[in-house]
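Whatever order the structure lists ligands and atoms in, that order sets their numbers, starting from 1.
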Amino acid sequence: MGTVNIKILDSTLREGEQTPGVYFDSHIKLAIAEKLNEIGIDIIETGHPAVSEEIYSTVKMLAGQGYNSIIGAHARSIKKDIELALECGVGFLGIFYCVSDERLSSVFKTDLSSAISQITSSIEFAKNKNPDLLVRYTPEDTVRSNYENVITAASAAVKAGADIISVADTTGYMVPGTSRSMYDYISKLRDDFASQNLEPQIAVHCHNDRGLALANALDAYRAGVNIIDASVLGLGERAGIVDLAQLLAVLSVDYDQNHWHLDKLPEIYQLVSNYSQIPIPVNYPVSGKNAFTHCAGVHTHAASVNPMHYESLSPHLFGRERHFALDHMSGLASLRFALQQIGMDNIEKELEIEILNHIKIIGQRGRIVDISELPHIVETSKHYKRGSK
Ligand code: HCA
Ligand code: CU
């Protein structure tokens with residue numbers, strides 16, 4: 001099935017900043033939020049105002065930008081955190097608190113019923129101060145916590161005014177098609193709310209410890225979840241969370257959800273990669289340098305006839321171009337495509353072969369020829385040919 005109008009929550013500025021070594025200065029956060037707003041992201045989670053004064057003022061600044069995206073903050077289930085978030089003028093507040101008996105007794109020295117009264121009074125406090133505020137409650141490590149505790153705490157949260165309940169796979173534990181299926185989890189949770197006449201929006205937050213974050217998010221989508229969390233480059237604690245571009249690609253191309261300006265993705269990936277100092281892996285789907293580059297001669301030949309022979313996603317959808325790599329694998333098809341790109345397509349075959357030899361030699365040394373080198377290689381090959389005769 002899938003939700004008619006799926007919403008995306010981007011957490012690059014909150015979860016993404018929990019990547020070891022990553023911190024975005026306030027003006028970088030502004031630049032990132034601007035791009036997320038342009039892409040058409042529904043909710044931008046911008047940080048936890050209680051962490052520092054700088055984060056507090058940044059969240060406040062972002063909340064005042066008048067974006068279409070709703071600006072959100074993160075808070076523990078504590079009045080002080082919630083007050084600070086409300087002062088920032090956010091439209092969305094994510095409150096989290098664990099519900100596992102073991103965590104509650106060993107870390108918080110409390111029990112479920114006290115935790116629930118703290119959660120409900122926090123939600124009531126926030127809603128009283130701002131009835132328009134969208135409030136999300138997340139039972140941290142939802143999927144590994146005792147289900148009875150989750151449904152009890154989450155139902156109490158909804159009755160206290162929470163609009164959204166998030167299912168957090170905090171440790172990337174779920175595996176599609178097994179007894180730990182996100183599809184089954186979300187379906188059961190929704191049915192158990194419905195049987196009490198409760199109908200909160202359901203969100204999903206999938207960590208990528210097993211490399212299954214996107215698969216689990218899509219499983220949740222199939223089960224009718226309303227909001228999916230993601231971040232640019234999948235940044236986040238440990239192996240991170242769902243990669244935003246990959247998620248939007250599949251939702252747009254394969255599930256006909258066309259709400260986003262996907263052509264803005266390369267700009268935000270470059271921005272986040274530069275300022276997090278985390279390189280985009282070359283073979284990263286959608287955003288990697290090689291994501292739309294064909295290499296082997298057989299591929300480039302077939303792809304130059306019709307790109308769809310070796311592509312199931314069009315680069316143009318994502319503001320990208322198709323490339324044919326020029327290296328030791330290249331054949332005449334790649335070369336001719338590249339020559340066409342630089343407007344040098346009237347070259348006699350003998351010279352083309354000479355140019356290709358040049359390219360192959362460079363490729364065998366373990367380097368790809370950049371298109372900007374090509375005019376110089378053409379010129380050199382002419383002289384090389386003359387010189388060798
Ligand atoms: C955290 C953990 C969290 C919370 C998600 C949420 C998780 O860093 O606080 O509040 O919805 O993965 O459980 O990111
Ligand atoms: Cu998380």
S.K.: Could you point out which residue of Asp184, Asp192, Asp191 forms a side chain to side chain donor-acceptor pair (under 3.5 Å) with Lys188?
M.R.: Asp192
S.K.: Under the 4.5 Å side-chain heavy-atom rule for ILVMFWY, direct or indirect, which residues accompany Phe337?
M.R.: Phe324
S.K.: Are Arg367 and Glu373 within salt-bridge range, i.e. N to O under 4.0 Å?
M.R.: yes
S.K.: Going by chain and residue number, what protein N/O/S atoms come nearer than 2.8 Å to the Cu ion (ligand 2)?
M.R.: Glu15 OE1, His205 NE2, His207 NE2
S.K.: Hey, do the aromatic rings of His205 and His207 have their centres closer than 6.0 Å?
M.R.: yes
S.K.: Below 3.5 Å, can you tabulate the donor-acceptor pairs from side chains in residues 233-242 to any protein atom, sequence neighbours excluded?
M.R.:
residue, atom, partner, partner atom, Å
Glu237, OE2, Gln18, NE2, 2.8
Arg238, NE, Asp209, OD2, 2.7
Arg238, NH2, Thr170, O, 2.8
Arg238, NH2, Asp209, OD1, 3.0
Arg238, NH2, Asp209, OD2, 3.3

S.K.: Looking at Phe292 versus His323, is the centre-to-centre ring distance below 6.0 Å?
M.R.: no
S.K.: Does atom NZ of Lys127 have more than 12 heavy-atom neighbours, drawn from other residues, nucleotides or ligands, at distances under 6.0 Å?
M.R.: yes
S.K.: Listing by chain and number, which residues have a heavy atom under 4.0 Å from ligand 1?
M.R.: Arg14, Glu15, Gln18, His74, Phe96, Arg136, Thr138, Glu140, Ala168, Thr170, His205, His207
S.K.: Are Tyr67 and Glu34 linked by a side-chain donor-acceptor pair shorter than 3.5 Å?
M.R.: no
S.K.: Go through the steps for Ile43 and Ser69 under the test side chain to side chain contact (heavy atoms under 4.5 Å, CB included), then give the verdict.
M.R.: CA-CA 5 Å; Ile43 303 165; Ser69 307; over 6 Å; no
